[in-house]
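Everything on this sheet refers to the single structure shown next.
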Amino acid sequence: MPSLRSRALSAALVATGRRRRFATAEAVRAMVAQAARRPASHLPPRSLGRVAEVSRTFVGAWPVYDVSPLGEEPVARVLYVHGGAFIDELVRPHWSLIRTLVTRARARVVVPAYVLAPRGTADRTVPVAADLLSGLIESGGAGGTVLLGDSAGAGMALAAAQRLRERTGAQPSRIVLISPWLDVSMSHPGQAEIEAADPVLARAGLAEAGRLYAGTLTADDPRVSPLHGSFAGLAPLTVFTGTRDVLTTDSRELLRRARAAGAEVEWHEEPGMPHGYPLLPVPEGRAARDRIVELVRATADEG
């Protein structure tokens with residue numbers, strides 16, 4: 001049974017019409033047009049500077065933030081790829097998770113503010129993400145490297161890990177996926193039933209956002225939808241999903257396909273939880289964040 005706080009939050013999301021953002025393809029196109037006219041900020045909150053060293057560089061057109069513990073050496077490295085249906089910038093819950101990783105896991109966190117769709121398409125973004133992952137793995141220093149992503153960012157992260165495996169065979173210490181979006185076609189037959197209870201997402205708008213991200217590629221290209229890629233030879237995976245998330249079908253398919261390929265998967269499916277629940281201020285979210293901190297700290301002796 002979900003906690004009282006999580007049930008109240010889900011009810012509030014429904015009451016405020018959060019899902020209307022993805023109700024139709026037209027709604028998504030309107031959001032993209034609005035963002036083109038008035039781009040949102042991806043800057044970190046000023047309060048982060050009180051607990052972390054924050055710097056920014058550029059990799060091509062991508063601003064890349066480097067966030068490390070203030071006054072102490074990091075014990076591990078994290079590449080964090082944020083969600084937002086490929087069309088939204090970093091927002092406060094993302095930065096809150098980054099703060100947790102820095103302060104509690106004592107991790108150095110590299111955070112790309114990647115170019116959003118439709119300018120940023122899979123054929124362009126996945127190779128850059130793979131390069132960032134490769135560089136972080138090879139950068140040296142204490143600890144291992146964790147690849148972490150949520151929602152669309154989890155899909156991009158997994159595609160980057162698959163590409164890096166194909167290029168060099170290299171992998172991070174672990175891949176952590178939060179409510180991953182792994183098949184942009186939104187064609188799984190089980191999604192219709194789940195959608196009715198999802199307080200955040202709707203299939204029609206997601207399919208349009210996925211189309212924009214795919215660009216000239218087909219929806220089943222592994223760079224776009226890494227569920228269609230190979231799971232052999234990947235780092236151990238940890239997956240968080242909730243039963244009120246229309247994308248939970250992607251996570252379940254990942255579990256089936258990854259284990260069939262011999263991959264190691266740590267699985268967390270939380271009853272009654274919506275999309276992205278590990279980022280939410282609810283007990284189930286805190287428990288998920290505690291586990292992510294444990295996983296990052298477990299790499300401290302690697303490297």
Side-chain angles (χ1 to χ4, degrees), residues 21-22 25-44 56-66 78-91 93-95 98 109-136 147-164 166-167 175 177-186 201 205-229 247 250 275-276:
R21 300 178 73 244
F22 293 98
E26 291 76 15
V28 165
R29 289 195 290 270
M31 283 194 293
V32 171
Q34 173 68 12
R37 291 190 298 268
R38 298 183 63 182
S41 173
H42 49 66
L43 293 173
R56 184 177 68 175
T57 57
F58 283 84
V59 176
W62 291 20
V64 178
Y65 295 94
D66 200 317
V78 176
L79 176 63
Y80 174 55
V81 190
H82 73 88
F86 304 112
I87 60 173
D88 287 334
E89 291 285 7
L90 285 147
V91 294
H94 299 138
W95 287 112
I98 293 161
V109 187
V110 174
V111 188
Y114 52 85
V115 176
L116 302 175
R119 286 198 306 123
T121 51
D123 60 329
R124 298 172 179 174
T125 59
V126 171
V128 181
D131 289 344
L132 284 172
L133 177 59
S134 177
L136 196 58
L147 175 61
L148 169 63
D150 72 277
S151 192
M156 192 187 299
L158 182 59
Q162 290 171 336
R163 183 178 178 90
L164 185 58
E166 291 160 6
R167 286 195 329 207
I175 302 168
L177 307 177
I178 297 171
S179 301
W181 188 15
L182 306 175
D183 182 356
V184 303
S185 72
M186 300 304 297
L201 300 176
L206 286 177
E208 177 64 9
R211 184 188 70 80
L212 296 174
Y213 177 64
T216 60
L217 302 177
T218 60
D220 61 356
D221 188 297
R223 288 169 290 180
V224 179
S225 298
L227 192 62
H228 298 287
L247 297 180
D250 286 10
H275 182 73

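Two residues are said to be in side-chain contact when any heavy atoms from C-beta on lie closer than 4.5 Å; Pro112 and Leu79 meet this criterion. Tyr213 has its side chain out of reach of Trp181: every pair of non-hydrogen atoms, C-beta onward, lies at least 4.5 Å apart. The shortest distance between side-chain heavy atoms of Arg56 and Leu43 falls below 4.5 Å. Two residues are said to be in side-chain contact when any heavy atoms from C-beta on lie closer than 4.5 Å; Ile98 and Tyr65 fail this criterion. Looking only at side-chain heavy atoms (C-beta outward), Ser41 and Glu89 stay at 4.5 Å or farther from each other.
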Trace of the side chain to side chain contact (heavy atoms under 4.5 Å, CB included) decision for Leu206 with Leu247 | CA-CA 10 Å; Leu206 286 177; Leu247 297 180; 4.2 Å; yes
Test Leu132 against Trp62 for side chain to side chain contact (heavy atoms under 4.5 Å, CB included), laying out the working first.
-> CA-CA 11 Å; Leu132 284 172; Trp62 291 20; 3.9 Å; yes
For Val110 and Val64, run side chain to side chain contact (heavy atoms under 4.5 Å, CB included): C-alpha distance rounded to whole Å, both residues' side-chain angles, the deciding distance at 0.1 Å, then the answer.
-> CA-CA 7 Å; Val110 174; Val64 178; 3.5 Å; yes
Taking it one step at a time, do Glu26 and Arg29 satisfy salt bridge (Lys or Arg N to Asp or Glu O under 4.0 Å)?
-> CA-CA 5 Å; Glu26 291 76 15; Arg29 289 195 290 270; 3.3 Å; yes
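For Thr121 against Gly215, the heavy-atom pair with the smallest separation is CG2-CA, 3.9 Å. Between Val184 and Gly210 the shortest heavy-atom distance is CB-CA, 3.7 Å. For the residue pair Leu147 and Ala161, the shortest heavy atom distance occurs at CD2-CB, 3.8 Å. Listed here is the closest heavy atom pair of Val128 and Arg124: CG2-O, 3.3 Å. Residue Val28 comes nearest to Ala209 through the heavy atom pair CG1-N, 4.0 Å, listed as atom of the first residue, atom of the second, then distance.
With rounding to the nearest 0.5 Å, the separation of NE2 in His42 from OH in Tyr114 is 12.0 Å. Once rounded to the nearest 0.5 Å, the distance linking CG of Leu212 with CG of Leu116 reads 11.0 Å. Here CZ of Arg223 is found 12.0 Å from CD of Gln162. Values are rounded to the nearest 0.5 Å. Note that CD1 of Ile175 is 8.0 Å distant from CG of Leu133, once rounded to the nearest 0.5 Å. In this structure, the separation between CD1 on Ile87 and CD on Gln34 is 12.0 Å, given to the nearest 0.5 Å.
Remark: Asp131 engages Arg167 in a salt bridge (charged side-chain N to carboxylate O under 4.0 Å, His left out) (not counting sequence neighbours).
No option in Leu182, Asp183, Ile178 other than Leu182 meets the side-chain contact (heavy atoms from CB on, under 4.5 Å) test with Pro180. Here the options are Asp221, Thr216, Asp220, the test is side chain to side chain donor-acceptor pair (under 3.5 Å), and the partner is Thr218; only Asp220 passes.
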List the atom pairs, with distances to 0.1 Å, where a side-chain N or O of residues 149-159 and a protein N or O form a donor-acceptor pair under 3.5 Å, not counting sequence neighbours.
| unit_1 | atom_1 | unit_2 | atom_2 | d |
| --- | --- | --- | --- | --- |
| Asp150 | OD1 | Tyr80 | OH | 2.6 |
| Asp150 | OD1 | Gly83 | N | 3.0 |
| Asp150 | OD2 | Gly83 | N | 3.3 |
| Ser151 | OG | His275 | NE2 | 2.8 |

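With respect to the salt-bridge test (charged N to carboxylate O, under 4.0 angstrom), the residues Arg211 and Glu208 qualify.
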